[in-house]
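Here's the structure, in structure tokens; my notes come after.
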Amino acid sequence: MLRIKCLRGGCRGTGTIHLFGAMLGRALTGWTQKAFQSSSSTAGSQVQGKLVQDHVTETKEQDCPVCSYNEWDPLEEVIVGRAENSHVPPFTVEVKASMYENCWPFYQKYGGHSFPEDHLKKAVAEIEELCNVLRYEGVTVRRPELIDWSQVYTTPDFTSSGMYAAMPRDILLVVGNEIIEAPMAWRSRFFEYRAYRPLIKEYFRKGAKWTTAPKPTMSDDLYDQVTNYMGIEWMRRHLAPDYKVHTISFRDPNAMHIDGTFNIIGPGLALLNPERPCDQIDMFYKAGWTIVKPPTPMIPDDHPMWMSSKWLSMNVLMLDEKRVLVESNETSLQKMFESLGIKPIKVSILHANSLGGGFHCWTTDIRRRGTLQSYF
């Protein structure tokens with residue numbers, strides 16, 4: 001079976017997760033036994049209280065609050081990121097490797113500091129309105145925690161400050177009833193998972209599976225602009241045998257946003273950036289897919305795009321097969337969707353775009369009403 005999903009972030013293998021689970025089980029068992037053997041009744045009662053507090057429920061997959069198999073089944077629950085407290089990442093080796101050269105002066109000036117205040121306020125307001133629109137369309141909206149991203153932290157390999165919790169699709173991948181927490185490739189996003197942990201723990205306690213992929217060291221010698229083949233192989237092993245992972249590549253010298261290059265919007269229907277050809281496109285044509293090339297973006301030339309290109313225009317979010325969130329100013333794209341029989345729901349997040357993502361990036365699907373199917 002194939003589950004159509006844009007896979008982002010890092011990965012980890014089945015063997016690793018089984019070993020980790022066994023090790024974790026032994027550690028918890030030993031810790032609990034020692035706690036109950038303590039002569040202190042207070043310590044014993046604290047452990048019992050902790051065990052009750054962390055009680056989790058085994059549920060059938062159809063009853064689990066987390067369940068998503070593709071990008072177009074009816075959306076019922078979603079996580080929307082936060083722009084509050086967002087900071088520009090320090091201009092380090094990994095940022096330089098992936099950012100357009102014309103944006104380097106911005107990072108050299110603002111790296112480690114807040115994004116320009118007026119711009120950030122507008123982005124916060126836009127995302128609040130996005131949440132309101134989603135609720136109006138019948139979608140439950142969840143949000144990450146507010147974090148102070150200005151704090152500086154140090155590991156054995158690097159020192160950095162934080163960035164934001166704006167793009168949940170970068171860090172969280174939902175496959176069926178499992179949440180896969182991806183490691184981030186930027187040092188400024190190393191601890192970004194902290195903003196989402198309360199939500200993930202809530203979903204886990206209600207029956208969702210939860211996997212955390214191993215984090216890279218992020219030392220200087222780790223970085224160049226190449227594909228994470230080990231991550232792909234981890235994902236392949238971890239999801240087997242229920243899912244088949246296909247590797248596809250695009251001609252893009254500044255690879256940053258897969259959903260600004262290739263965005264699957266329906267069963268056998270995908271958007272392909274006309275400026276970034278897909279080397280394996282015949283695979284889709286042979287399976288009977290329709291590949292649509294979206295029109296040239298209409299984002300104004302003077303609008304700051306610090307972390308992406310104008311092709312965030314195609315970074316859309318499907319609410320179901322017949323409804324899509326589209327930038328208000330992208331009238332040509334709206335007409336394209338109408339020609340496909342899809343209703344555009346117009347929302348403006350232009351200032352939020354500047355922080356590095358469109359509707360698809362600013363959200364993570366938690367629950368879509370549908371079943372696992374094959375499309376090849």
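Keep in mind that the numbers below use all heavy atoms, side chains included, and drop hydrogens, waters and symmetry copies. What you are looking at is a predicted structure, and each value in this text was computed from that prediction instead of being measured.
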Any Lys/Arg nitrogen of [X] or [Y] sitting under 4.0 Å from an Asp/Glu carboxylate oxygen of the other?
X: Glu137; Y: Arg323; answer: yes
X: Asp157; Y: Arg187; answer: no
X: Glu202; Y: Arg142; answer: yes
X: Asp365; Y: Arg368; answer: yes

Practice item. With sequence neighbours excluded, tell me which residues meet side chain to side chain donor-acceptor pair (under 3.5 Å) with Asp279. Key: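 Partners of Asp279 under the side chain to side chain donor-acceptor pair (under 3.5 Å) test: Ser249, Arg251.
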
Exercise for review: Identify, with sequence neighbours excluded, every residue that meets side chain to side chain donor-acceptor pair (under 3.5 Å) alongside Arg367.
Suggested key: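 If we apply the side chain to side chain donor-acceptor pair (under 3.5 Å) test to Arg367, skipping adjacent residues, the hits are Glu76, Glu77.
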
Taking all non-hydrogen atoms of both residues into account, name the closest pair between [X] and [Y] and its distance.
X: Asp170; Y: Ala182; result: O-CB, 4.0 Å
X: Ser161; Y: Tyr153; result: O-OH, 3.4 Å
X: Arg169; Y: His360; result: NE-O, 2.6 Å
X: Asn329; Y: Met298; result: O-SD, 3.8 Å
X: Lys346; Y: Ser328; result: C-OG, 3.6 Å
X: Met167; Y: Gly356; result: CE-C, 3.7 Å

Distance (rounded to the nearest 0.5 Å) between [X] [atom1] and [Y] [atom2]:
X: Met314; Y: Ile265; atom1: CE; atom2: CD1; result: 9.0 Å
X: Met307; Y: Leu312; atom1: CE; atom2: CG; result: 10.5 Å
X: Trp149; Y: Arg189; atom1: CH2; atom2: CZ; result: 9.0 Å
X: Leu350; Y: Ile299; atom1: CG; atom2: CD1; result: 6.0 Å
X: Glu71; Y: Leu317; atom1: CD; atom2: CG; result: 8.5 Å
X: Trp362; Y: Cys131; atom1: CH2; atom2: SG; result: 9.5 Å

Non-hydrogen side-chain atoms of [X] and [Y] separated by less than 4.5 Å:
X: Ile248; Y: Gln280; value: yes
X: Ser86; Y: Leu355; value: yes
X: Pro168; Y: Pro144; value: no
X: Leu239; Y: Val175; value: yes
X: Glu181; Y: Arg197; value: yes

Exercise for review: Would you check if the distance from the ring center of Tyr203 to the ring center of Trp210 is below 6.0 Å?
Suggested key: no

Point to revise | Distance flag, aromatic centroids of Tyr110 and Phe115, threshold under 6.0 Å | key: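 Ring-ring flag for Phe115/Tyr110: false, centres at least 6.0 Å apart.
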
Practice item. Show your working on side chain to side chain donor-acceptor pair (under 3.5 Å) between His87 and Gln151 and close with a plain yes or no. Key: CA-CA 10 Å; His87 275 59; Gln151 294 185 20; over 6 Å; no

**Study point:** Intermediate values then yes/no, side-chain contact (heavy atoms from CB on, under 4.5 Å), Val78 and Thr140
**Key:** CA-CA 6 Å; Val78 69; Thr140 298; over 6 Å; no

Exercise for review: Enumerate the residue pairs fulfilling salt bridge (charged side-chain N to carboxylate O under 4.0 Å, His left out) with a member in residues 123-135, sequence neighbours excluded, ordered by first and then second residue.
Suggested key: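 Every pair satisfying salt bridge (charged side-chain N to carboxylate O under 4.0 Å, His left out) with a residue in residues 123-135: Glu128-Arg143.
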
Check your understanding: Does atom NZ of Lys215 have more than 12 heavy-atom neighbours from other groups under 6.0 Å away?
Key -> yes

Point to revise | The single option from Trp72, Trp289, Phe284 passing ring-ring contact (aromatic ring centres under 6.0 Å, His included) against Tyr375 | key: Trp72

Practice item. Check ring pair (Phe, Tyr, Trp, His ring centres under 6.0 Å) between Phe190 and all other residues, then give those that pass, not counting sequence neighbours. Key: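 Per chain and number, Phe190 pairs via ring pair (Phe, Tyr, Trp, His ring centres under 6.0 Å) with Phe158.
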
Point to revise | Residue pairs, two or more places apart or on separate chains, that pass side chain to side chain donor-acceptor pair (under 3.5 Å) and touch residues 302-311 | key: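 Passing the test, one end in residues 302-311: Glu275-Trp311, Arg276-Ser309, Asp301-Lys310, His303-Ser354.
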
Practice item. Run through the side-chain heavy atoms of Ile, Leu, Val, Met, Phe, Trp and Tyr, join any pair under 4.5 Å, and report what else lands in Tyr100's cluster. Key: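 Joined to Tyr100, directly or through intermediates: none.
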
